[in-house]
Visitor: 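Below you will find the structure I want to go over with you.
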Amino acid sequence: MSLTWKDGVATLLTGLAVLVFFAAHESWDVPLVGSSYRWAAVAVTLLGAATCALGSASAELASGREASTSVKLLSAVGGLTGLLAIVAIATGSLTALSLLVLAIVVLWVGATLRHAWPVAGHRPLAT
């Protein structure tokens, strides 16, 4: 595999999620988010969901092969990210928002590394 335009868009969306976090944390009073951790959590969750929609692990899983360790690990982090999003929105907690943003960044790093350095012996499916 190699990096594609989707990785570039995912990088942009992840950067925006981090920027939203800082906007709320530093009380920049930007529209929509303001200084509300709850609204920041909503915005970060939407940006994370858009980033996730760009993902491509389904091609590996659809091939009938067992999921690689990296896919399993990223899936577990993705599940944790979903729980953190619920907690961050429900509580409006800075800690939950911080962990949500951290989880999204970890997912982005993991997916980008996975795309940049393919697993030995792994051949992409012909389309």
Side-chain angles (χ1 to χ4, degrees):
M1 296 180 96
S2 62
L3 297 177
T4 66
W5 66 270
K6 289 182 177 183
D7 294 298
V9 173
T11 300
L12 177 67
L13 292 173
T14 302
L16 285 174
V18 171
L19 188 63
V20 167
F21 168 76
F22 281 117
H25 184 267
E26 300 297 325
S27 300
W28 291 347
D29 290 326
V30 295
L32 180 64
V33 174
S35 59
S36 168
Y37 300 143
R38 181 169 282 121
W39 279 110
V42 169
V44 167
T45 299
L46 291 174
L47 289 166
T51 303
C52 183
L54 296 170
S56 60
S58 60
E60 180 177 333
L61 298 176
S63 69
R65 294 186 322 233
E66 182 178 339
S68 66
T69 304
S70 63
V71 170
K72 291 177 183 177
L73 184 60
L74 290 172
S75 295
V77 174
L80 176 65
T81 304
L83 291 174
L84 287 170
I86 292 168
V87 170
I89 292 170
T91 65
S93 163
L94 176 60
T95 302
L97 175 61
S98 301
L99 291 172
L100 172 62
V101 172
L102 177 64
I104 289 173
V105 169
V106 166
L107 284 171
W108 168 77
V109 168
T112 303
L113 289 176
R114 184 173 172 272
H115 295 162
W117 289 294
V119 177
H122 171 74
R123 290 178 284 149
L125 297 175
T127 55

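We number each residue from 1, following the sequence as shown. Note: hydrogens, waters and symmetry copies are ignored here, and every other heavy atom, side chains too, is used.
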Visitor: Quick check on the hydrophobic clustering: are Leu16 and Leu84 connected, directly or via other members, by side-chain heavy-atom contacts under 4.5 Å?
Guide: yes
Visitor: With the 4.5 Å side-chain cut-off for hydrophobic clustering, are Leu74 and Leu83 part of the same group?
Guide: no
Visitor: Just verifying a value: how many Å separate Leu113 CG and Ser70 OG, rounded to the nearest 0.5 Å?
Guide: 10.0 Å
Visitor: Considering only residues two or more places apart or on different chains, which pairs with a residue in residues 2-34 satisfy ring pair (Phe, Tyr, Trp, His ring centres under 6.0 Å)?
Guide: Phe21-His25
Visitor: CZ of Arg114 to CG of Leu107: how many Å apart, nearest 0.5 Å?
Guide: 12.0 Å
Visitor: Is there any salt bridge (charged side-chain N to carboxylate O under 4.0 Å, His left out) pair reaching into residues 68-79, and which pairs are they, with sequence neighbours excluded?
Guide: Glu66-Lys72
Visitor: For Ala10 and Leu54, which heavy atoms make the closest approach, and how far apart are they?
Guide: N-CD1, 3.8 Å
Visitor: Any pair with a residue in residues 93-111 that passes side-chain hydrogen bond (donor to acceptor under 3.5 Å, both in side chains), sequence neighbours left out, goes on the list, sorted by first then second residue, please.
Guide: Thr11-Trp108, Trp108-Thr112
Visitor: Can you name the side chain to side chain contact (heavy atoms under 4.5 Å, CB included) partners of Ala88, sequence neighbours left out?
Guide: Ala41, Ala96, Leu100
Visitor: For residues Ala40 and Val33, report the shortest heavy-atom separation together with the two atoms involved.
Guide: CB-CG1, 3.8 Å
Visitor: Which residue pairs pass the salt bridge (charged side-chain N to carboxylate O under 4.0 Å, His left out) test with at least one member in residues 74-99, sequence neighbours excluded?
Guide: none
Visitor: State, to 0.1 Å, how close Leu3 and His115 come at their nearest heavy-atom pair, and which atoms those are.
Guide: CD2-CB, 3.9 Å
Visitor: Are Ile104 and Leu47 close enough that some pair of their side-chain heavy atoms sits under 4.5 Å apart?
Guide: no
Visitor: If you take all heavy atoms of Ser35 and Ser27, which pair is closest and at what distance?
Guide: CB-OG, 3.6 Å
Visitor: Does anything in residues 43-54 pair up under side-chain hydrogen bond (donor to acceptor under 3.5 Å, both in side chains), and if so which pairs, sequence neighbours excluded?
Guide: none
Visitor: Output the distance between atom CG (Leu99) and atom OG1 (Thr81), rounded to the nearest 0.5 Å.
Guide: 10.0 Å
Visitor: In Å, rounded to the nearest 0.5 Å, how long is the span from CG of Leu19 to CG of Leu13?
Guide: 12.5 Å
Visitor: Under the ring pair (Phe, Tyr, Trp, His ring centres under 6.0 Å) rule, collect the residues that match up with Tyr37, sequence neighbours excluded.
Guide: none
Visitor: Which pairs pass salt bridge (charged side-chain N to carboxylate O under 4.0 Å, His left out) with one or both residues in residues 78-105, sequence neighbours excluded?
Guide: none
Visitor: Scan residues 89-107 for pairs that pass salt bridge (charged side-chain N to carboxylate O under 4.0 Å, His left out), counting only residues two or more places apart or in two chains.
Guide: none
Visitor: Of all heavy-atom pairs between Val44 and Ala17, which one has the smallest distance, and what is that distance?
Guide: CG2-O, 3.7 Å
Visitor: Which ILVMFWY residues can you reach from Ile89 by hopping between side chains whose heavy atoms are under 4.5 Å apart?
Guide: Leu32, Trp39, Val42, Leu46
Visitor: Which value, rounded to the nearest 0.5 Å, describes the distance between Leu80 atom CG and Leu102 atom CG?
Guide: 9.5 Å
Visitor: Please determine whether residues Val105 and Val87 belong to a single hydrophobic cluster, defined as Ile, Leu, Val, Met, Phe, Trp and Tyr linked transitively by side-chain heavy-atom distances below 4.5 Å.
Guide: no
Visitor: First locate atom OG1 of Thr91, then atom CD1 of Ile86, and finally report the distance between them rounded to the nearest 0.5 Å.
Guide: 11.5 Å
